[in-house]
Structure formats: C-alpha cells, structure tokens
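Structure first, then comments.
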Number of protein chains: 2
Amino acid sequence: MAGGKAARAPREDNPTGAARGEPPVRLGPLADFIGFHLRLAQEASFRAFAQRVGDPKLKPSRFAMLTLIHENPGITQTALSRASGRDKSTLTAALDDLVQRGLVLREKDAGDRRSYRLHLTAKGRRVLARLTEKAREHDLKLDRIVGPDRKREFLRLLARIATELE
Amino acid sequence: MAGGKAARAPREDNPTGAARGEPPVRLGPLADFIGFHLRLAQEASFRAFAQRVGDPKLKPSRFAMLTLIHENPGITQTALSRASGRDKSTLTAALDDLVQRGLVLREKDAGDRRSYRLHLTAKGRRVLARLTEKAREHDLKLDRIVGPDRKREFLRLLARIATELE
DNA sequence: TATTGTTATACTCTATAACTATA
DNA sequence: TATAGTTATAGAGTATAACAATA
C-alpha cells in the first residue's frame, strides 16, 4: 500500500497532496469542479472504509450487496443487479464468492425456475452486522467532518445528483 | 451499454433504480450513509461526463491529468502521480496513450536525466480546451442541482472529506 | 420470443515488485 | 544507496455477446 497511498493531503491549501518540501501543485479549473471533488471524496471514503474493515474482499460494494439482500430477502440476481446499477453478469462472480464464504444462499425459485432467490445465512447476518457497525463508525467520522446540522442537507444533495444526472 | 445503464433512478423515492412496475428496493441503513451516496453521486457524475465528452478514452482521470500538466508545465511523472493519488507505474500506460495521440510531450530533463518533464502540445491544449468546456457544461448542471448559493459550501465539505479522511 | 443466470472474452484501472538508468 | 520511470504480473471491476434453461 506504500506507493498508492501517496494521495495524502496534509493541508487544505494543498489538496492533491504534493509531498513535503515540493511546491504545491496547481489545480486550475479542477479546483472549482464539483465532479472532481466528488471523485476525491469518494476515493478517500472508499479507502478509509476498506482500511477500517480490514478484509480486502469486503469492500463497500460487497457491503452494499449484503445489505440489499438482507433488506430485500429473496431478491433475484437481476433485481439486485438493477438495484446496484451493474450488469447481471458482474454479479455472478461476486455472489459465487459470497456463497462460497457461506454468507449468502442461492435458492431456486419454485415458481419461476430460471430465477434464484437470494438470502443471507446466519453467518452472513453476523458478518453483515459487523460490517454495518464498521460502516457506522466510518460514517460517524464523515458526519463529524460534515457537521451534524448539515448532514441531511448534504445527503439530500448527493442523492439529487445521483438521481437527476442519469 | 444497454445492460449496464440499468442504474437509472426515475424518482427520489426509488434511488437505486428498480425498474418500472417492480416493488422498490429497500436500502436499509445504506439510506443514511454518506459514503454510499457519495459513491452513487460520483458514479452518476462520471457517467454523465463520459457521455457528454463522447471519446471513451478521455475519462475524468485523463482530463485531470491533462489539466494538471497544463497548469504545472514541466511536472515530472512522479509528481503527477502524487498529485493524482496513483502509483507512478499506473501513469506509464496512460501517458503513452496521451503521447501517442499527440497531446502530451515527454522531454528528458537536462539536469536530472532520470526524469521526464511533461508538457502539452498545441493539440493537447486544443483538446484540453474542448474538454474543459465540456467539463464546465457538466459542472454547470451539477451547480444547478446543488443550487448556486450552496455550491461553495458543498465543495468545501467534499474537499474536507478528502483531506481529513486520509 | 423473452428472460434468468452463466460463461467466454476483453478492457480498464490499480497495485507490487523487480528492473534500468541515472544520481 | 536512493530516485525516476518502465516492465511484468496480478487482481478487481466492468461490459458485451452468446448460450442453456425456462417461461
């Protein structure tokens, strides 16, 4: 992780993290683009989450999958793929992994035998509980950065970007 | 693009984009996590940018590279890799491509002959100008979603997340 | 004919480690 | 010894297209 972690940004006026001693890098118009800062914030959040969880196989996307299955027991792979915005073909390998680790159960639908119904196993629920706890801690840190009074507004704006841009 | 574009989200109360007619998917705790919405917003922004630009090789990361080179003429690859938060090895291929397309010039540093100094070519500047224009249009749309009065605050929060999380 | 899920395949992005050429 | 950049290699994530089973 040594090389890639160079994205550290020691202070506000040096957001892209030029190393100590060097002249700071100019951002030009990037400095005012929401999209650019969205990317930096998302990457930072992603890395912080991964680091907190530890398991390199349980990234935010896997956490989201487990949550979606837990919250929508019996969801089909196609529905899950739509909900997570990925093609169904990309789910096969991820689910294979989750099933093999004993976290998810695939069972044939009795009515429509083309479909699988997805559920969490008891172990899956335990792992999800732990992950959710980690995610809560992680998000608490984000809350503190944003400020508790601004959180709802901030969430609303992010959600609007996601929905109105597609 | 048909399959993967299923991530559309037709209305606010159905943020993950379950298809028409189907019961909406429950998000559970994800609904309140900043990290989750950060990811959705970033992906939506990324896709919208790519679609607006057209050229599948000129994604936001390439745009950022070109801008950073333009704003910091003569920057070395290592400095650029730090500024963009990626390992230097990942830059080789991207720069090869940009050089081959005639957008970027790699020239040996006279003083330290291990280093390259990066510059944009005239064509590179033209392409960057076009990209910047597209990026401005794209970001204007984001501005409108966020609201002009809230933009500075929103940018500040995103930047704080990126800097304080690492 | 259409849909569910899988497979084959390919492309991109990223990282680590080992290498070279310099310093 | 240390640094700049390249190469070799690997892994994750994504997509499209073709396919088998089922509807």
Side-chain angles (χ1 to χ4, degrees), chain A residues 1-7 19-22 39 42-43 46-47 50-51 55-65 74-100 104 106-118, chain B residues 1-7 19-22 39 42-43 46-47 50-51 55-65 74-100 104 106-118:
Chain A
M1 188 168 270
K5 283 299 281 153
R20 34 324 37 139
E22 293 178 16
R39 180 159 70 99
Q42 198 270 328
E43 286 176 356
F46 188 100
R47 289 182 185 186
Q51 191 173 359
D55 187 334
K57 288 287 236 166
L58 292 178
K59 304 236 176 69
S61 65
R62 297 295 170 89
F63 168 58
M65 283 176 64
I75 190 173
T76 65
Q77 294 188 194
T78 299
L80 180 59
S81 91
R82 271 195 294 265
S84 39
R86 310 261 128 76
D87 189 84
K88 57 190 163 71
S89 72
T90 69
L91 256 60
T92 304
L95 284 170
D96 283 351
D97 176 59
L98 294 174
V99 167
Q100 198 202 316
V104 168
R106 261 184 187 125
E107 56 178 29
K108 281 271 188 218
D109 185 317
D112 184 341
R113 304 202 342 152
R114 294 170 302 181
S115 297
Y116 284 112
R117 295 293 174 171
L118 302 172
Chain B
M1 185 169 273
K5 282 300 282 154
R20 37 320 37 143
E22 292 178 16
R39 182 159 69 98
Q42 198 271 327
E43 287 177 355
F46 189 100
R47 290 183 185 188
Q51 191 174 358
D55 188 333
K57 290 287 237 169
L58 292 178
K59 304 238 176 65
S61 65
R62 296 294 170 90
F63 168 58
M65 284 175 63
I75 191 173
T76 66
Q77 294 190 193
T78 300
L80 180 59
S81 90
R82 272 196 294 265
S84 40
R86 309 261 128 76
D87 189 84
K88 56 189 162 70
S89 71
T90 69
L91 256 62
T92 304
L95 283 171
D96 282 351
D97 175 59
L98 294 174
V99 167
Q100 198 202 314
V104 168
R106 262 184 188 124
E107 56 178 28
K108 281 271 188 218
D109 184 318
D112 184 341
R113 305 204 341 154
R114 294 170 302 181
S115 297
Y116 285 113
R117 297 291 174 172
L118 302 172

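Letters A, B, ... mirror the listed sequences (proteins, then strands); counts begin at 1.
- Distance B:Arg86 CZ to C:dT16 C1': 16 Å, rounded to the nearest Å.
- We find that B:Asp112 and B:Arg114 are joined by a salt bridge, their nearest charged nitrogen and carboxylate oxygen being less than 4.0 Å apart.
- Between B:Leu95 and B:Leu118 there is a side-chain heavy-atom pair separated by less than 4.5 Å.
- Remark: C1' of D:dT3 and CG of B:Asp109 are 13 Å apart, rounded to the nearest angstrom.
- For A:Glu43 and A:Asp112, each mapped to the nucleotide of DNA chain C holding its nearest heavy atom, the one lying further toward the 5' end belongs to A:Asp112.
- Across its full length, the helix from C:dT1-D:dA23 to C:dA23-D:dT1 shows an angle of 20° between the axes of its 5 terminal pairs at either end, rounded to 10 degrees.
- Here the closest heavy-atom approach between residue B:Arg47 and residue A:Gly85 is recorded as NH2-O, 3.6 Å.
- A:Lys57 comes within 4.0 angstrom of sugar-phosphate atoms only, judged by non-hydrogen atoms across all strands, and of no base.
- B:Ser89 pairs by the side chain to side chain donor-acceptor pair (under 3.5 Å) definition with B:Asp87, not counting sequence neighbours.
- Not counting sequence neighbours, the partners of B:Phe63 by the side chain to side chain contact (heavy atoms under 4.5 Å, CB included) test are A:Leu30, A:Phe33, B:Phe49, B:Thr67, B:Leu128, B:Leu131, B:Thr132, B:Ala135.
- A salt bridge links B:Asp97 to B:Arg62: at least one charged side-chain nitrogen sits closer than 4.0 Å to a carboxylate oxygen.
- Whole-Å rounding puts the B:Glu107 CD to D:dA4 P distance at 18 Å.
- Residues meeting the side chain to side chain contact (heavy atoms under 4.5 Å, CB included) test with B:Glu43, sequence neighbours left out: A:Arg86, B:Arg39.
- For B:Arg113, there are no side chain to side chain donor-acceptor pair (under 3.5 Å) partners two or more places apart in sequence or in a different chain.
- Here the closest non-hydrogen pair linking B:Leu91 and B:Gln77 is CD2-O, 3.5 Å.
- Going from atom CG of A:Asp55 over to atom C1' of D:dG11 covers 15 Å, rounded to whole Å.
- Close to C:dA15, at under 4.0 Å from its OP1 or OP2, lies a side-chain N or O of A:Arg47.
- If you take CZ of A:Arg113 and C1' of C:dT4, they are 13 Å apart, rounded to a whole angstrom.
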Enumerate all atom pairs, one protein N or O and one N or O from nucleotides 5-8 of chain D, separated by less than 3.5 Å.
residue, atom, partner, partner atom, Å
D:dG5, OP1, B:Gln77, N, 3.3
D:dG5, OP1, B:Tyr116, N, 2.8
D:dG5, OP1, B:Tyr116, O, 3.2
D:dG5, OP2, B:Gln77, N, 3.2
D:dG5, OP2, B:Thr78, N, 2.6
D:dG5, OP2, B:Thr78, OG1, 2.6
D:dG5, N7, B:Lys88, NZ, 3.0
D:dG5, O6, B:Lys88, NZ, 3.4
D:dT6, OP1, B:Arg106, NH2, 3.4
D:dT6, OP2, B:Gln77, NE2, 2.7
D:dT6, OP2, B:Thr92, OG1, 3.0

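- Between A:Ala94 and A:Gly111, it is A:Ala94 whose nearest contact on DNA chain D lies nearer the 5' terminus.
- With rounding to whole Å, A:Lys108 atom NZ is found 10 Å from C:dT6 atom C1'.
- A sub-4.0 Å separation between OP1 or OP2 of C:dC13 and a side-chain N or O of B:Arg62 is present.
- Nearer to the 5' terminus of DNA chain D, by closest-nucleotide assignment, is the contact made by A:Ser61 (compared with the other of A:Ala110 and A:Ser61).
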